[in-house]
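A short write-up of the structure that comes next.
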Protein chains: 2
Amino acid sequence: MTDSQAGAKAKPRGGGKRERLASAAAEVFHHQGVERTTLSDIAQAADVPLGNVYYYFKTKDQLVEAALGAHRDRLSGITGRLDRLPDPATRLKALIAGWVEQREVAARYGCPFGTLAAELDKREDGLDQAAAGVLRGLIDWAEGQFRQLGRDDASDLAVELVAAYQGMSVLANALREPEVMTRQGRRLEEWIDTLARSGPAGA
Amino acid sequence: MTDSQAGAKAKPRGGGKRERLASAAAEVFHHQGVERTTLSDIAQAADVPLGNVYYYFKTKDQLVEAALGAHRDRLSGITGRLDRLPDPATRLKALIAGWVEQREVAARYGCPFGTLAAELDKREDGLDQAAAGVLRGLIDWAEGQFRQLGRDDASDLAVELVAAYQGMSVLANALREPEVMTRQGRRLEEWIDTLARSGPAGA
DNA sequence: GTCTATAGGGTGATAGAC
DNA sequence: GTCTATCACCCTATAGAC
């Protein structure tokens, strides 16, 4: 974007410091929130001197964008692996199982996407809608799965599934109870089974 | 509720400024988030000179606690009114209808409790668990209703209901789509109907 | 390219006049 | 009790040495 080349190749190299900073930012933002996180926190987590951060990212906001990119990459990695599973119901249940596996993290820090989206939505600059894209990607993927299950209301079901994930994450986090993830996850898996058994059907 | 009462105690009063500050804090925190809100923002919203704030609240954190109190009061007002309705299914559906009514606010700023809880959970001081109490109160009330419906799994159902509310608020907010609240609200009302029709039953 | 030192701006909090 | 003036600190961002 800034330099001559934004592709995969001609970027200035620094021992992967840029990547380290981006993923450190994603993690620290998740743990502390964007507003409470200082550039010094990120520099420390990435093991990079504070002033050097500005060589890679001109502003703190650019670091937020980079963190969003890291989340996007992580999500497409997950859906990519799920896509190798044989059928849509299995894929959806594996997605849910993954959420439940992360229950301890969710109970302590909430959903990495959801909490970031909620925080950015409080802003009024251009970043206030940037996180929505990541969530939208997850919803779109789920919608595709429900459609493969033959559901006409795939879009609504996808929203319902992701909303359930966000909701159980918020409660697990607020109450500090990972068991909320376990119980609600089980319920969601049964729900998927019901939908799959009922076969192709509309709302 | 001017100067004359100030509760039942002998607290210093100043034309209800303390209350104005508390409710202004709750609103501004909801709109901007705690971290991005300055004391000056709150003073302005409450129409109180900045320096005067410190006469009523020694620290910003005390203002957060006061905002939590305002939320608690608001919630008990809501459940109090709902309790006058004839049966538990009607009460639960009225609760849901109230959420849907607030869809525009939820789409812009999220759930007032949920977003505050999420933000406070990023902290490590004593406040990181304070918001949980308000959510817990809502869950407990819902659990009572489900129990009156004869459900053995009232506790799980209450968590499911409040999680659904939090989830649809997060998505409506992130996507800026109030319709998410409408659609998911309708689904929840149907769900309550199903539970009520199926009569006293366990999980 | 890498890093240090520091400027500059804003915020929470206090002292003390009225 | 009310409010102004101001301090002290921290954080983002920059200038410039290496």
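Only a predicted model underlies this, so the values are computations on that prediction, with no experimental measurement involved. Keep in mind that the numbers below use all heavy atoms, side chains included, and drop hydrogens, waters and symmetry copies.
Here the rule is side-chain contact (heavy atoms from CB on, under 4.5 Å) with A:Leu157, and of A:Arg151, A:Gln145, A:Arg147, A:Glu143 only A:Arg151 fits it.
Salt bridge absent: A:Arg187 and B:Asp156 never bring a charged side-chain N and a carboxylate O closer than 4.0 Å.
Minimum atom distance to the side chain of B:Thr59 is reached by C:dA13, of the listed C:dC3, C:dA13, D:dC3.
Checking side-chain atoms of B:Asp41 against main-chain N and O of B:Thr38 turns up a donor-acceptor pair under 3.5 Å.
Atom CD in B:Gln32 sits about 14 Å away from atom C1' in C:dT11, given to the nearest Å. Regarding A:Lys60, its NZ atom lies at a distance of 15 Å from the C1' atom of C:dG9, rounded to whole Å. Note: CG (A:Leu50) to P (C:dT2) measures 15 Å, nearest angstrom. Counting to the nearest Å, the C1' atom of C:dG1 and the CG atom of A:Asn52 are 8 Å from each other. Here C:dG12 presents its C1' atom at 12 Å from CD of B:Glu35, a figure rounded to the nearest Å. Rounded to an integer number of Å, the gap from A:Phe57 CZ to D:dC11 P is 20 Å.
If you take NZ on A:Lys122 and CZ on B:Arg36, they are separated by 11.5 Å, rounding to the nearest 0.5 Å.
A heavy atom lying under 4.0 Å from DNA chain C marks the following residues of residues 36-49 of chain B, by number: B:Thr37, B:Thr38, B:Leu39.
Side-chain N/O atoms of A:Tyr56 include one lying less than 4.0 angstrom from OP1 or OP2 on C:dT2. Regarding contacts with the backbone of D:dA13, a side-chain N or O of A:Tyr54 is found under 4.0 angstrom from either OP1 or OP2. Look at B:Tyr55 and you won't find any side-chain N or O under 4.0 angstrom from OP1 or OP2 of D:dT2.
Remark: the A:Gln148 side chain and the A:Arg91 side chain contain an N/O donor-acceptor pair separated by less than 3.5 Å.
For the pair B:Tyr54/B:Thr59, no side-chain contact is recorded, criterion being any heavy-atom separation below 4.5 Å from C-beta on.
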